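For reference, the structure is listed below as structure tokens.
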Protein chains: 2
Amino acid sequence: MDLNPEGVKANGRGDRETGTLGKLVALLDRVALADGPMRFTDILSLSDQPRGTLHRQLSHLVEEGLLEVDRDGRYLIGLRLLTLASRSWARNEFRAVAEPHLQRLHDVTCETVHLGVLHDAEVIYLDKVEGRQSVRMYSQIGNASPAYCTGVGKAALSALDDAELAIRIAALEFRPYTQQTLRNAGELLSDISEIRQRGYAFDIEEHESGICCVAAPIRSDDGHMLAGVSVTGPAYRVTPQSLQAWAPLVVAAADSIMMDMRNRMGPKR
Amino acid sequence: MDLNPEGVKANGRGDRETGTLGKLVALLDRVALADGPMRFTDILSLSDQPRGTLHRQLSHLVEEGLLEVDRDGRYLIGLRLLTLASRSWARNEFRAVAEPHLQRLHDVTCETVHLGVLHDAEVIYLDKVEGRQSVRMYSQIGNASPAYCTGVGKAALSALDDAELAIRIAALEFRPYTQQTLRNAGELLSDISEIRQRGYAFDIEEHESGICCVAAPIRSDDGHMLAGVSVTGPAYRVTPQSLQAWAPLVVAAADSIMMDMRNRMGPKR
DNA sequence: AAATGTCGTTCCAGATAATGGAACTTCACG
DNA sequence: CGTGAAGTTCCATTATCTGGAACGACATTT
């Protein structure tokens, strides 16, 4: 516990699980990540805590509404989180500023438009505009994906300076989601160098087979927040040519969002 | 700390703020509830904790990504919550089962359809289907409103037995959102008795001026979860007659959702 | 029906982390 | 430069969390 070289783990976030809160949030994460309600024993086998401790921790989370217990005594994520999150989303200034631009981009391209922000080495999708598909409508919002295999993520990474970039890449663990997924830091760096030259990024089935996109970076004026916009579509409908054609539009949208943010926040600092 | 008659507070939830987690969640709530980023001093004046303590608590929340600090050092709700909540939402079985029914109800009525679940004395909106309005699209999802002044809430309350109903109503604090808002337990009980007879509830501008709806209750087969569906529209377009006409459709949708849930979960218990 | 095993819950002395008063930085302003 | 307000760090004290073990509730087997 003196000099811990553990650093940052592979997901790009430092899951120190330190402190009471850290442990509880990690637990919350674990239950959230499961794809269904979990029985006490399931959670017990995943976490390396004694039964008594785990039980009390779960009870506390349930008491606060962060977890819920179904009629079979299984644990699942509680709705209280949805309430908290909806407020975080509704009051997010950046999202609000970007919204009309995303809408416009969608009107022109008729494909799905995403807005995502970079968090360590992950992209969190903040907003999405898509057509009348009715199903899975909200699915993407709030979703966190590795930055290295998404258009928005790579675009955002490209806006970092080399030092910062190196730090974040060092924390990565490259997992091959598809045939096209970048496989190591070298491939990522070379792609990022291209992205910097062009000003926009492509994702050709790197994260999900059959899905490709073109994305542009958004820098906040103080350089502290990085984000990206993308236009995404199915490979059978979206050709490299159309992606290429959309690129300037995406870049323009990203720039407009930057300008609007600057004007909104400008007077300060 | 022996016999505490504090019971349940006016919001219908028991905000005991007990234990480390309880205090932190209360803090989180406080920041979430504010309508903008909060400075350290603002939070300090609201919470009755010493500066040192508060500062450490905030730091922990920031470390876990539950809060964020903007460039001016002000605190706001973090995006990590969005990530956690999105999973809870995407994997919510009830929501998934209800979705097609909501869609169908929208197709017929061409007005906004809501799905909400009852939590203590609040309704949390789980899903929403609406037309091409593009703006404020997701705003309602996750939102928590008092049960006594929303259609979905009153419908859900009406499905409780008298004993349970009395308990929840006792915890209420009636706040007049509009001219039409029910003003006390008596008015609510009499409305609920009507709702029980008809099988559906109305909300005629009781929560928000110019907004009215018709709603029907959904009971889970084990009677443990209560929810409701509603069709909502602006008063200038939606007449009492149209609400009346939609009522059987809303009730039918609610019943279908109940049936689907029963079939899905049936084999057990 | 008794025996066995699994699963979940409760308890309490000991380890650990939270507490809060005070001292210490910044920083803005006159 | 002095003054005050806002924010941060420190550390002995104290409240809280920890985890082994014992207990209760079922289900399954013999």
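Each chain gets a letter, A, B and so on, in the order its sequence line appears, and its residues count up from 1. Worth saying up front: this structure is predicted, and the values here are computed from it rather than measured.
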Discussion item. With a 4.0 Å cutoff (strictly under), does any side-chain N or O of A/Thr20 reach OP1 or OP2 of D/dT16?
Written reply: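 For D/dT16, OP1/OP2 do not have a side-chain N/O of A/Thr20 under 4.0 Å.
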
Return the nearest nucleotide to the side chain of [X]; candidates are [options].
X	options	value
B/His55	C/dA18, D/dG19, D/dT9	D/dT9
A/Phe40	C/dT19, C/dT9, D/dG7	C/dT9
A/His60	D/dG19, D/dC17, D/dT8	D/dC17
B/Arg56	C/dA17, D/dG19, C/dG20	C/dG20
B/Lys23	C/dG20, D/dG19, D/dT16	D/dT16

Whole-Å distance between [N] [atom2] and [X] [atom1]?
X	N	atom1	atom2	result
B/Tyr75	D/dA6	OH	P	14 Å
A/Gln57	D/dG19	CD	C1'	11 Å
A/Arg39	C/dT6	CZ	C1'	10 Å
A/Asp42	C/dT6	CG	P	15 Å
B/Leu54	C/dG20	CG	P	11 Å
B/Gln49	D/dA15	CD	C1'	14 Å

Worksheet entry | Set of side-chain contact (heavy atoms from CB on, under 4.5 Å) partners for A/Asn92, sequence neighbours left out |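 Partners of A/Asn92 by the side-chain contact (heavy atoms from CB on, under 4.5 Å) criterion, ordered by chain and then number, come out as A/Phe94, A/Arg95, A/Leu126, B/Leu79.
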
Just the table, please: protein N/O against nucleotides 24-30 of chain C N/O, every pair under 3.5 Å.
none

Worksheet item: Measuring from A/Leu115:CG to A/Ile141:CD1, what's the distance to the nearest 0.5 Å?
Response: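 Reported to 0.5 Å precision, the distance equals 9.5 Å.
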
Worksheet item: Which part of the nucleic acid, if any, lies within reach of A/Thr41 when heavy atoms closer than 4.0 Å are counted: base, sugar-phosphate only, or nothing?
Response: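 Touches sugar-phosphate only.
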
